[in-house]
Amino acid sequence: MKSYDHKKIEKKWQDLWDKKKIYQANDKSKKPKFYSLVEFPYPSGDGLHVGHPRSYVGMDVISRKKRMDGYNVLYPMGWDAFGLPTENFAIKTGKQPKVITKKNTDTFRRQAKSLGISFDWSREINTTDPNYYKWTQWIFLQFLKKGLAYKAKSEINWCPKDKIGLANEEAVGGICDRCGTPTIKKEKEQWMLAITKYADRLDKDLDLVDYPERVKLSQRNWIGKSEGSEIEFKTSINRNIKVFTTRADTLFGVTYVVLAPEHPNIGEFLVQSKNMAEVSQYIREVKSRTEIERTAEDKEKTGVELKEIYAINPANGEEVPVWVADYVLAGYGTGAVMAVPQHDARDKEFAEKYNLPIIDRPLVNAEEITQKVGGKMVTKFKLRDWVFSRQRYWGEPIPVINCEKCGLVPVPEKDLPVKLPEVKNYKPTDTGESPLASISKWVNVKCPKCGGKAKRETDTMPNWAGSSWYYLRYVDPKNKKEFASKKNLKYWTPVDWYNGGMEHTTLHLLYSRFWHKFLYDLKLVPTVEPYKKRTSHGMILGEGGVKMSKSLGNVVNPDEIVKIYGADTLRVYEMFMGPFEETAVWNTDSIIGARRFIEKVWRIGEKVIKTESSLSGSLSPRARGALPLGSTACETPRQENSVLLTKLLHKTIKKVSGDIEAMRFNTAISAMMILVTEMEKEQGLSLEDYKKFLQILAPFAPHVAEEIWHLLGDPTSPRLRGAKEKSINISDWPEWDEKLIKEDEMKIMIQVNGKVRGEIMVGSNENEEKIKKEAQEHLSVKKFTEGKEIKKIIYVKGRLVNIVI
RNA sequence: GCCCGAGUGGCGGAACUGGUAUACGCGCACGACUUAAAAUCGUGUCUCGCAAGGGAUGUGGGUUCGAUUCCCACCUCGGGCACCA
């Protein structure tokens with residue numbers, strides 16, 4: 001046996017696994033299925049960085065264990081390849097986005113393979129592949145058919161630098177998500193998806209899934225469900241003001257009413273106010289401000305009174321002034337609020353600034369008062385409809401045709417996919433139209449309905465489109481008739497375990513749940529929720545605890561680590577560096593610990609092989625497994641190790657089994673390290689025990705485990721060496737023996753007043769009284785109890801005795 | 001401002017339902033092997049103290065025989081949301 005050479009071993013097994021297709025999922029298996037999923041990456045030009053493997057290896061460990069547990073595992077990978085960085089690179093270099101993407105995915109694939117991740121590469125998908133986005137477009141047409149995709153003139157967040165319309169969530173705080181430029185509001189016809197129609201179900205059904213509490217919470221906050229009352233205020237003009245409040249109980253404390261500057265009926269109030277010029281000036285001012293200016297932290301509230309217009313409090317008939325102020329949002333509730341300065345900090349701030357009355361009134365029952373004033377209880381959501389248009393090239397074309405006569409006409413399903421044409425210039429236009437608009441050959445088409453002159457929609461879909469349903473395509477990635485067959489969907493979905501980053505818990509997760517529910521309503525998928533269980537890995541920060549970034553020059557390339565230390569070492573290190581769900585700081589110096597661990601495993605392997613071959617002799621092949629149990633005759637001498645080590649092995653098997661399921665990879669590895677240290681000390685290590693250890697190591701370090709496994713030979717086969725043995729990675733996960741784990745002696749700590757003073761060993765079935773007695777007689781304990789009155793003695797089974805004096 | 005999460009050796013971290021605080025790893029020191037070095041192995045490594053013993057899990061209090069763990073208040077860091085009525 002040669003010394004450990006990770007380069008040879010890893011390459012050899014990666015190729016063999018590929019050839020033997022041992023990680024391919026089987027659509028027709030009788031085994032129980034397990035669908036494990038990681039977020040497919042955006043294949044950037046920089047290649048994989050060490051953060052990616054954290055998620056991939058974590059789920060790989062789980063997938064590998066599940067295979068060994070007897071599951072038919074689907075663990076797929078693909079590319080979420082539409083997106084701005086590629087397009088921007090295309091603009092800069094003039095290369096085709098398609099070509100750039102091909103290059104990047106090749107790099108990513110090579111890197112992922114070099115880590116020995118057990119992905120089923122036969123199901124690889126790419127969102128930019130027309131065979132894939134055909135179905136993204138098809139699903140869009142279903143939304144259109146059901147009236148959930150619609151075009152609306154709306155104010156969008158416009159980035160003047162990227163020249164692109166952004167969704168609210170991409171322009172948080174009025175700053176472009178991509179380049180940091182302050183966004184401005186711009187009116188534009190946009191495609192929208194009515195996610196708000198699903199708001200309530202998206203909130204409620206979180207009860208059905210196994211997500212971490214913090215993930216559920218952030219989804220709930222994003223959806224922002226709140227229950228309250230809608231109450232109408234009559235006014236001095238012929239137009240009521242409807243307000244939304246969660247505090248109808250404070251209705252008697254209302255001292256004024258406020259309209260948002262963008263309130264739909266603002267015009268009617270404006271023209272009848274005495275200070276029309278002043279008010280319209282104010283509204284104009286507000287609209288000219290950027291989002292940042294409007295929401296700046298220290299910004300003082302502004303507003304203007306609609307003079308000579310008043311509203312009537314329906315609770316007591318009082319007349320109160322009406323104001324326009326930009327602290328009221330048009331997009332939430334009714335765009336108007338009743339102000340109760342006594343109970344609301346914002347109203348109070350405003351009232352104090354403009355000398356509006358602040359009054360204290362008794363509170364009443366919210367529901368009763370709502371009913372009494374003719375209002376109704378309603379539920380509102382913060383969630384807005386999803387702006388689904390992008391004025392960009394590198395996205396799925398929205399499959400719609402604008403006909404001069406017929407209006408918006410969906411592209412017939414038989415004409416899908418609407419393929420992206422090749423263009424010369426990928427730069428978006430200053431008018432805000434997609435570069436597609438300038439390709440007249442592509443744009444000008446016949447109307448599918450009337451055959452008349454028509455133009456294609458030139459907007460494309462946002463990044464989130466392709467990733468909203470990709471997990472469905474994996475179950476049947478080559479299907480030409482449907483996005484996936486009913487049969488495969490029924491077998492594989494839902495995803496059993498989905499791991500990804502915290503940064504995707506609000507948007508991607510919510511969007512894909514929305515699409516899934518929509519498809520469920522169309523009876524196209526069998527389950528209400530797409531993901532049964534979701535976990536989140538922590539980020540990997542650069543040395544010093546800062547984010548890895550090119551500008552800081554602290555990005556670690558996994559290729560380097562694989563080259564120097566090997567994939568197994570990188571895998572073990574990343575799983576060992578800290579709790580999986582928490583942020584971890586990269587430390588190149590610590591990798592050596594993982595490498596030493598693997599080398600130790602290798603050395604023990606060498607030792608075991610040496611003893612085995614000396615025992616079996618060179619003439620006869622070993623036939624240990626073939627011998628009947630308990631047979632003594634002619635048996636070759638077998639190497640035995642101490643019962644203590646076997647006990648430790650079984651404890652470790654149990655610990656590792658449980659830790660993998662709970663993603664406590666760090667403590668699993670720690671337990672294996674302890675076992676390995678003990679195994680190395682052991683004089684004669686038995687082949688069986690060592691092989692069991694290799695099996696529990698295999699999910700973490702599959703290459704080295706496989707190599708030694710094959711060098712040792714399969715004990716159930718008469719052959720010591722040879723290529724025909726089964727892979728360790730699909731062998732049966734070892735079982736532990738509870739009897740061996742149970743100690744016949746237990747260590748009991750003795751405390752005096754809660755302080756440890758000694759310990760005794762007792763039989764595991766020893767009765768309480770005897771243990772207590774023995775504890776009191778313990779020498780180093782007596783020292784503390786002598787001459788003191790013993791108040792009571794507490795015994796915790798199998799743990800300790802506490803003597804209280 | 002609001003909502004989460006976290007504060008344990010020189011460092012990454014462990015302690016699963018309240019029961020030996022600091023497992024495992026990195027680093028460091030010393031020793032063995034070696035002509036030497038590397039690698040490897042062994043020993044030690046929270047702190048004060050010669051010792052007996054005492055003190056430490058962000059700070060202060062509480063509950064308990066017993067608290068890193070539960071409760072209250074505060075401080076610091078990380079993340080998310082942010083005028084959502």
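Order of the sequence lines sets the chain letters (A, B, ...), proteins ahead of strands, with each chain counted from 1. Bear in mind that the values here come from a model prediction, so they are computed numbers and not experimental data.
Between the C1' atoms of B:C46 and B:U8, the separation comes to 10 Å (whole Å). Rounded to whole Å, the C1' atom of B:G25 lies 25 Å from the corresponding atom of B:C33. For the P atoms, the distance from B:U68 to B:U59 is 11 Å, rounded to whole Å. For B:A6 and B:C71, the P atoms lie 12 Å apart once the distance is rounded to whole Å. For B:U35 and B:A29, the C1' atoms lie 25 Å apart once the distance is rounded to whole Å. B:C24 and B:U34 have their C1' atoms separated by 30 Å, given to the nearest Å. To the nearest whole angstrom, the two C1' atoms, one in B:G19 and one in B:G66, are 7 Å apart. Atom name P, nucleotides B:A14 and B:C50: the rounded distance is 35 Å, in whole Å.
Partners of A:Gln219 under the side-chain hydrogen bond (donor to acceptor under 3.5 Å, both in side chains) rule, at least two apart in sequence or in another chain, are A:Arg513.
Take the nearest nucleotide of RNA chain B for A:Glu599 and for A:Ile669: the residue whose nucleotide is more 5' is A:Ile669. Taking for each of A:Ser218 and A:Asp589 the nucleotide of RNA chain B with the nearest heavy atom, the 5'-most of the two is the partner of A:Asp589.
Summarising the geometry, the separation between CG on A:Asp659 and P on B:A15 is reported as 8 Å, rounded to the nearest angstrom. Here the C1' atom of nucleotide B:A67 and the NZ atom of A:Lys755 are 13 Å apart, to the nearest Å. The CZ-C1' distance, from A:Phe597 to B:G25, rounds to 11 Å in whole Å. If you take CE of A:Met377 and P of B:A85, they are 13 Å apart, rounded to a whole angstrom. To the nearest angstrom, P of B:A85 lies 10 Å from CG of A:Leu329.
Ring orientation note: the planes of A:His508 and A:His504 are nearly perpendicular, at an angle over 60° on the 30°/60° scale.
A salt bridge links A:Arg247 to A:Asp249: one of the charged nitrogens lies within less than 4.0 Å of a carboxylate oxygen. A:Glu678 and A:Lys681 are joined by a salt bridge, as a carboxylate oxygen and a charged side-chain nitrogen come within less than 4.0 angstrom of each other. One finds no salt bridge joining A:Glu768 and A:Lys797 here, because no Lys/Arg side-chain nitrogen approaches an Asp/Glu carboxylate oxygen to under 4.0 Å. Looking at A:Lys547 and A:Glu503, no side-chain N of the basic residue comes within less than 4.0 Å of a carboxylate O on the acidic one, giving no salt bridge.
Under the Watson-Crick or G-U wobble criterion, with both distances below 3.5 Å, B:A29 is paired with B:U43. Pair assignment for B:C70: B:G62, on the basis of Watson-Crick or G-U wobble contacts that are both within less than 3.5 Å. Of the nucleotides present, none pairs with B:U20 by Watson-Crick or G-U wobble criteria with both distances under 3.5 Å. Nucleotide B:G49 is matched to nothing when pairs are restricted to Watson-Crick or G-U wobble geometry with both distances under 3.5 angstrom. Across every strand in view, B:G7 sits in a pair with B:C75 that passes the Watson-Crick or G-U test at under 3.5 angstrom. Pair check for B:C81 finds B:G1; Watson-Crick or G-U wobble, both atom distances under 3.5 Å.
Within the nucleic acid shown, A:Lys655 comes within 4.0 Å of at least one base atom, counting heavy atoms only. Looking at heavy-atom distances under 4.0 Å, A:Arg757 makes contact with sugar-phosphate atoms alone, never a base.
Glycosidic conformation at B:G9 (O4'-C1'-N9-C4 for purines, O4'-C1'-N1-C2 for pyrimidines): syn, within 90° of 0.
Atom NZ of A:Lys197 is surrounded by 12 or fewer heavy atoms from other residues, nucleotides or ligands within 6.0 Å. Annotation: A:Lys348, atom NZ; neighbour count of heavy atoms from other residues, nucleotides and ligands within 6.0 Å does not exceed 12. Atom NZ of A:Lys353 sits in a crowded spot, with more than 12 heavy atoms from other residues, nucleotides or ligands closer than 6.0 Å.
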With 3.5 Å as the limit, what N/O pairs link the protein to nucleotides 18-21 of chain B?
| from | atom 1 | to | atom 2 | distance (Å) |
| --- | --- | --- | --- | --- |
| B:G19 | N2 | A:Gln751 | OE1 | 3.2 |
| B:U20 | O4 | A:Lys747 | NZ | 3.2 |

Tabulated below should be each protein N or O lying under 3.5 Å from an N or O of nucleotides 45-49 of chain B; please produce it.
none

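Closest to the side chain of A:Thr246, out of B:A85, B:G54, B:G25, is B:A85. Nearest to the side-chain atoms of A:Tyr327 among the listed nucleotides B:A15, B:C83, B:C81 stands B:C83.
The base of B:C65 lies outside donor-acceptor range of the side chain of A:Lys791, with no N or O pair under 3.5 Å.
Close placement of the A:Tyr256 and A:Phe350 rings is indicated, their centers lying within 6.0 Å of each other.
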